[in-house]
Colleague: 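Take a look at this one; I'll ask things after.
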Amino acid sequence: MAANSYIDPLDAAFGGETPAERRPAAEPAYLRGLNAEQREAVLALDGPVLVLAGAGTGKTRVLTTRLAHILATRRAWPSQILAVTFTNKAAREMKERIGALIGGTVEGMQWLGTFHAIGARILRRHAELAGLKSNFTILDQDDQLRLIKQVIEAENIDEKRWPARTMAVLIDGWKNRGLLPKDVSESDGQAFAFGKGRKLYELYQARLKSLNAADFGDLLLEPIAIFKGNHEILDEYQKRFRYMLVDEYQDTNVAQYLWLRLISGANKNLCVVGDDDQSIYAWRGAEVENILRFERDYPGAKVIRLERNYRSTPAILGAASGLIKANAARLGKTLWTESEDQGEKVQVKGVWDAEEEARNVASEAENLQRKGHKFADMAILVRAAFQMREFEERFIALGVPYRVVGGPRFYERAEIRDALAYLRVVAQGDDDLAFERIINKPKRGLGDASIQALHNHARAADLPLLMAAEELGASDELAPRARSALSDLAKSFAHWQQQAALLPQAELAEIVLDESGYTDALKADKSPEAAGRLENLKELVRSMEEFESLAAFLEHVSLVMELENNDSEDRLNLMTLHAAKGLEFETVFLPGWEEGLFPSQRTMDEKGNAGLEEERRLAYVGLTRAKKRIFVSFAANRRVHGQWQSALPSRFIGELPEAHIDSVANEGFYGNYGSFRENQEFGSTYSSPGWRRAQEARAQARGPSIIEATAKVVASATGVAKFGNGERVFHQKFGYGRVVAVEGNKLLVDLEKAGSKRVMDGFVVKA
DNA sequence: CTCGGCAGAATTTTT
DNA sequence: TTCTGCCGAG
């Protein structure tokens, strides 16, 4: 009944060319409150659509409303909609919000999920076409790395010179680009260990197959291969999906792009949503190009821009827009807001070192909290994880509650992975990788020699390790000690496997952990972390209760590497800029805006201007997380790998429009020169011509002003000013000196005061 | 087999 | 500086 009352008016009103103004009164409630562009993005169902959704423009709302609309109007069944996100969180949120919009829970949206979850689903259905069984295990990074290491060792390659890590990056890179071993070009395949790259990739893939396992990359790569090789299967999917939707399109890589192109096929009801200005994962294979060329890929695509921002103040938007304008490769959007009140200016503050920076952030946060703001509405966003330490120490000292978002994830902790490995072997006795992980955890006297023997036996008899262990334990090939250890372990697993059929998985897990001696070993461990580990294991067992079966739990774990943390305590948020994407906070602290750190020197060295632009987008993401206020800061000195380094303010600071910022310098800032009074002056008259003149005059005597310094750093990093031998330079910490040698971006400088030192060229300017 | 000491490396990481 | 991973001694 409800279906019919919806379908007709909507078809009449929106299916054709009827202008939006003549909408019938009977408009579904979920469309109310959308602005014109959002509405258009929801209603443009036919044909390809690109929604360019700037930060804070209501993207998620549009996306969910669009899906709800398709469902409510019965244009497609839930099972005929493909909706892809990057994170489980986004998928979950989408499900919940659609449910809220159309009432009740959303049943049957089996194809709403992450690229990987959907890929796994497809691969399980056609596993045999990829040389796998449908119950294949999904390997995470850790497993993957260990496997690659084995392959490298088996090839007698010196793992020192050719680390598995590097090979993993290569393989991932190929998989991200949709390349099977045979597709890797001759020259690319030459990489690694004197031209063995492609061979190793091939061997690794073969090992995966023999272990009945797939890594994350395979979850996309294998379906692509299946689609390409089996037209009838591809056809089935193309017919099934009447509407397709992809979130965060700017983050798709080549493989995901190919996968989508195949699946969307002739049916072009494909809607992609993204923001090129928020593309911050190019280093992980994402191709901003995908979004930039969407209109060419899908001719006639409708492009809808969401530019009206509902999140931030005009001052914040002004600062963010000013910054991102410096990027050349962008589709171009300008965020605007109806808000009259400019809001607080972005505060930019220079400090002496990271410790002072942390002190400042903590005291600002406490100030705000005293005024009634919640810690949970504030976030500190750092470029790199190592910056967190300073803040954590300060917060602990002050007793400020904080939470690290996205840090080492629950399922990546060693004890959790060990427990899972046990369970994996219980669930699937042939999971060799898992078995190997726990064969000597806790220590049971099985070392390299025994494990080697076990491997040999397994290979000779063509058996999984667990079964080989059983046989070897019964034979007399090994020393008595190792033999009984092996046989005990095999017996335990046989016992647990029996129990698995009888007991709920949580109980089973408890038994396994106790009987294996794992918990006992932890209890005996006197290190300070042991207690927390036991706590984590308890948490793991608890979380298992919610699942239907052990298998369901394990599938969940391999794809969804996270656990809900439902603590409602009021804590300050601390995370990397990457982890902050998609989140918003009243107050945002952006520390560490220094040349070399942010933008990161390494990114600029490796990726040149493209790298710099990505760093700038990262800054843009950081700025646009804030609703009300932003505190940017930079330290003159910072300890990097235990060495003190001096740094100049980030060029990004110079790119923030002066109208929207408030500069404050601290006592002791750039300590050696500038008294307290001068610094006060610096703070209030940062941009006045008079101040600049004064700085210029002083530069003769004491060194360049901060503004000049920033300008010079920018010039040097963009190649305008490189250093030559004999050149006179100024270093912020050590003063004047003369360049005596240049090696890449490092300089050997004879300093007038400090003697000869090696410094990064980013830290000195021409004098 | 296990533990201790030492060399070498140290961004970002949705799955 | 701090962590990790490897090698040699017990």
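The basis for the numbers below is simple: all heavy atoms, side chains too, and nothing from hydrogens, waters or symmetry mates. Quick note on labels: first sequence line is chain A, next is B, and so on, each numbered from 1.
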Colleague: Can you list everything that forms a ring pair (Phe, Tyr, Trp, His ring centres under 6.0 Å) with A:Y620? Sequence neighbours excluded, please.
Modeller: none
Colleague: At under 4.0 Å between heavy atoms, what does A:A385 touch on the DNA or RNA strands: base, sugar-phosphate, or nothing?
Modeller: sugar-phosphate
Colleague: Counting the atoms with a prime plus P, OP1 and OP2 as sugar-phosphate, which does A:D251 contact under 4.0 Å by heavy atoms, base, sugar-phosphate, or nothing?
Modeller: base
Colleague: When all nucleic acid strands are considered with a 4.0 Å heavy-atom cut-off, which category describes A:L597: base, sugar-phosphate, or nothing?
Modeller: nothing
Colleague: Rounded off to whole Å, could you give me the NE2-to-C1' distance for the A:H578 and B:dT15 pair?
Modeller: 15 Å
Colleague: Just the rounded figure in Å: distance from P of B:dT2 to CD1 of A:I439.
Modeller: 12 Å
Colleague: Side chains of A:L211 and A:T137: does their closest heavy-atom pair fall under 4.5 Å?
Modeller: no
Colleague: Each nucleotide in nucleotides 2-10 of chain C should get exactly one letter: B, S or -. Can you fill that in based on protein heavy atoms under 4.0 Å?
Modeller: S---S----
Colleague: Could you give the CD-to-P distance, from A:E390 to C:dT1, as a whole number of Å?
Modeller: 14 Å
Colleague: Return the set of residues passing ring pair (Phe, Tyr, Trp, His ring centres under 6.0 Å) with A:F294 (not counting sequence neighbours), or none when no residue passes.
Modeller: A:Y249, A:Y298
Colleague: What's A:S600 touching, base or sugar-phosphate or nothing? Going by heavy atoms closer than 4.0 Å.
Modeller: base
Colleague: For B:dT12, is there a stacking contact with A:W283, counting only centres under 5.5 Å and planes under 30°?
Modeller: yes
Colleague: Do A:V246 and A:V273 come close enough that some side-chain heavy atom pair is under 4.5 Å?
Modeller: no
Colleague: Starting at atom CZ of A:R444, determine the distance to atom P of B:dT2, rounded to an integer number of angstrom.
Modeller: 11 Å
Colleague: Got a sec, which residues hit side-chain contact (heavy atoms from CB on, under 4.5 Å) with A:F547, two or more places apart in sequence or on another chain?
Modeller: A:Q505, A:F553, A:H556
Colleague: What integer distance in Å separates A:Q643:CD from B:dG8:P?
Modeller: 16 Å
Colleague: Starting at the 5' end of DNA chain B, which residue's closest nucleotide do you reach first, A:E606 or A:L219?
Modeller: A:E606
Colleague: Relative to the 5' end of DNA chain B, which residue comes earlier, A:E614 or A:L446, by the nucleotide with the nearest heavy atom?
Modeller: A:L446
Colleague: With sequence neighbours left out, write down each residue that passes ring pair (Phe, Tyr, Trp, His ring centres under 6.0 Å) with A:H578, or none if nothing qualifies.
Modeller: A:Y281, A:W283
Colleague: Any donor-acceptor pair, under 3.5 Å, between the side chain of A:Q141 and the base of B:dT15, if you only look at N and O atoms?
Modeller: yes
Colleague: If you look at every heavy atom in A:E356 and A:D353, which pair is closest and at what distance?
Modeller: N-OD1, 2.9 Å
Colleague: Whole angstrom is fine here: how far is it from CD in A:Q387 over to C1' in B:dA10?
Modeller: 14 Å
Colleague: Would you say a side-chain N or O of A:S558 is under 4.0 Å from OP1 or OP2 of B:dT15?
Modeller: no
Colleague: Select one nucleotide: of B:dT15, B:dT13, B:dT14, the one nearest the side-chain heavy atoms of A:F86.
Modeller: B:dT14
Colleague: Whole angstrom is fine here: how far is it from CG in A:L577 over to C1' in B:dT13?
Modeller: 14 Å
Colleague: Whole-Å distance between B:dT13 P and A:D142 CG?
Modeller: 17 Å
Colleague: With the threshold set at under 4.0 Å for non-hydrogen atoms, list the residues of residues 449-457 of chain A touching DNA chain B in residue-number order.
Modeller: A:A449, A:S450
Colleague: Scan A:K443 against the nucleic acid and name what it touches under 4.0 Å (heavy atoms): base, sugar-phosphate only, or nothing.
Modeller: sugar-phosphate
Colleague: So, is A:N88 near the phosphate of B:dT14, with a side-chain N or O under 4.0 Å from OP1 or OP2?
Modeller: no
Colleague: Between B:dT15, B:dA10, B:dT14, which nucleotide gets closest to the side-chain atoms of A:Y281?
Modeller: B:dT14
Colleague: Can you list everything that forms a side-chain contact (heavy atoms from CB on, under 4.5 Å) with A:Q452? Sequence neighbours excluded, please.
Modeller: A:H455, A:N456
Colleague: Check if the side chain of A:R639 and the base of C:dT1 share a donor-acceptor pair of N or O atoms closer than 3.5 Å.
Modeller: no
Colleague: Verify the stacking flag for A:H641 against B:dA10: centroid separation must be under 5.5 angstrom and the ring planes must differ by under 30 degrees.
Modeller: yes
Colleague: Among A:T576, A:T624, A:D251, which one satisfies side chain to side chain donor-acceptor pair (under 3.5 Å) with A:K581?
Modeller: A:D251
Colleague: Is there a donor and acceptor pair closer than 3.5 Å between the side chain of A:R284 and the base of B:dT15?
Modeller: yes
Colleague: Could I get the full list of ring pair (Phe, Tyr, Trp, His ring centres under 6.0 Å) partners for A:F391, not counting sequence neighbours?
Modeller: none
Colleague: Distance check: side-chain N/O of A:N253 vs OP1/OP2 of B:dT15, anything under 4.0 Å?
Modeller: no
Colleague: Checking A:S134 now: which residues fulfil side-chain contact (heavy atoms from CB on, under 4.5 Å) with it, not counting sequence neighbours?
Modeller: A:A127
